Amino acid sequence: MLLKQDIEFYSPTILKSYNLDKTMRYQLDMLGNLDLFTKRHSENVANLTCRMCEYLHAGKSFTIHATISAYLHDIGKLFIPPEILSKPNILTDEEFDIIKTHTTIGYNLCMKDLKLRPYAGGAIYHHECLDGSRISKPV
């Protein structure tokens, strides 16, 4: 039974076999220069995605696609002003509206680049709710 098993989903070495090409690495490095927290978050999401795919015995091509999509899911944050992205306090409603645009911005960025296009779904859908609505600001 899954609940009784001790599963280690985080493994810092697991992603080494799914190397990103130069275009994707460049995009992530730009994001890391802008916001180290978001870069680390993207790496962690990709790592967990990869581990879950392996646990579920997903095929290698699906695992690679899902892992790269996870790496790139927040790529739209490249175009969010740093003072909003790194704000230590609670965001205003206007700032939160700006943050929410990173999904569409990331999608558009991916769609403009043939190498990134297959991963555009990760950018646009990662804040979707099961009913199709978008995430709202926490109260």
Side-chain angles (χ1 to χ4, degrees):
M1 180 178 198
L2 179 62
L3 296 177
K4 294 188 184 230
Q5 291 180 358
D6 184 21
I7 300 168
E8 176 60 48
F9 278 116
Y10 184 79
S11 168
T13 60
I14 198 69
L15 293 175
K16 68 178 186 264
S17 60
Y18 304 117
N19 293 326
L20 299 176
D21 72 18
K22 190 166 70 171
T23 302
M24 290 178 228
R25 179 57 57 199
Y26 173 75
Q27 297 285 359
L28 284 173
D29 286 344
M30 284 178 47
L31 186 58
N33 291 334
L34 179 67
D35 178 24
L36 187 57
F37 174 82
T38 301
K39 181 180 180 184
R40 175 59 92 197
H41 165 71
S42 294
E43 291 169 347
N44 289 339
V45 170
N47 196 343
L48 288 170
T49 299
C50 181
R51 297 286 288 153
M52 285 188 280
C53 286
E54 289 179 345
Y55 178 78
L56 295 170
H57 305 288
K60 184 174 181 173
S61 63
F62 178 83
T63 300
I64 291 170
H65 179 83
T67 301
I68 293 172
S69 293
Y71 258 124
L72 298 173
H73 79 280
D74 271 343
I75 200 71
K77 287 187 177 180
L78 283 169
F79 300 95
I80 302 299
E83 61 273 9
I84 294 175
L85 196 58
S86 301
K87 185 176 178 180
N89 302 326
I90 295 174
L91 298 174
T92 66
D93 289 341
E94 293 79 21
E95 291 167 334
F96 190 67
D97 286 340
I98 291 169
I99 284 283
K100 289 190 290 186
T101 65
H102 81 277
T103 58
T104 306
I105 292 169
Y107 173 81
N108 290 333
L109 175 70
C110 288
M111 290 304 289
K112 289 178 184 173
D113 186 314
L114 289 177
K115 290 183 179 182
L116 299 178
R117 189 173 292 170
Y119 313 106
I124 193 70
Y125 294 123
H126 75 276
H127 284 293
E128 291 290 323
C129 298
L130 291 175
D131 66 0
S133 64
R134 294 284 184 146
I135 192 167
S136 59
K137 187 173 182 178
V139 232

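What you see is a predicted model; the values in this text were computed from it and never measured.
Here the closest heavy-atom approach between residue Ala123 and residue Gly106 is recorded as CB-C, 3.7 Å.
Remark: Tyr71 OH to Tyr119 OH distance equals 12.5 Å, nearest 0.5 Å. Rounding to the nearest 0.5 angstrom, the gap separating the CG atom in Leu56 from the CZ atom in Phe62 is 9.0 Å. Atom OG1 of Thr103 and atom CD1 of Ile105 lie 8.0 Å apart (nearest 0.5 Å). To the nearest 0.5 Å, the span separating CG on Asp97 from OG1 on Thr101 amounts to 9.0 Å. With rounding to the nearest 0.5 Å, the separation of CD1 in Ile84 from CD in Glu95 is 5.0 Å. Taking CZ of Arg51 as the reference point, atom OG1 of Thr67 lies at 11.0 Å (rounded to 0.5 Å).
Using a 4.5 Å cut-off on side-chain heavy atoms (C-beta onward), Lys100 and Phe96 make contact. Under the 4.5 Å side-chain criterion, counting only non-hydrogen atoms from C-beta, Leu72 is not in contact with Ser42. With a 4.5 Å cut-off on side-chain heavy atoms, Lys87 and Thr92 count as touching. In this structure, the side chains of Thr49 and Val45 come closer than 4.5 Å at one or more pairs of heavy atoms.
A donor-acceptor contact shorter than 3.5 Å is absent between the side chain of Asn47 and the backbone of Glu43. Using a distance-only test at 3.5 Å, with no hydrogens or angles considered, no donor-acceptor pair links the side chain of Ser86 to the main chain of Glu83. Side-chain atoms of Arg117 do not come within 3.5 Å of backbone N or O of Cys110 as any donor-acceptor pair.
Grouping the Ile, Leu, Val, Met, Phe, Trp and Tyr side chains by contacts below 4.5 angstrom, directly or via other members, places Phe37 apart from Leu85. In terms of hydrophobic clustering, with Ile, Leu, Val, Met, Phe, Trp and Tyr side chains grouped at heavy-atom distances under 4.5 Å, Met111 and Ile124 are assigned to a common cluster. In the hydrophobic cluster analysis, where Ile, Leu, Val, Met, Phe, Trp and Tyr join through side-chain heavy atoms closer than 4.5 angstrom, Leu91 is grouped together with Ile98.
Just one of Asp74, Ile75, Leu109, Leu78 meets the side-chain contact (heavy atoms from CB on, under 4.5 Å) condition when paired with His102; it is Asp74.
Ring-centre distance between His73 and His41: below the 6.0 Å cut-off.
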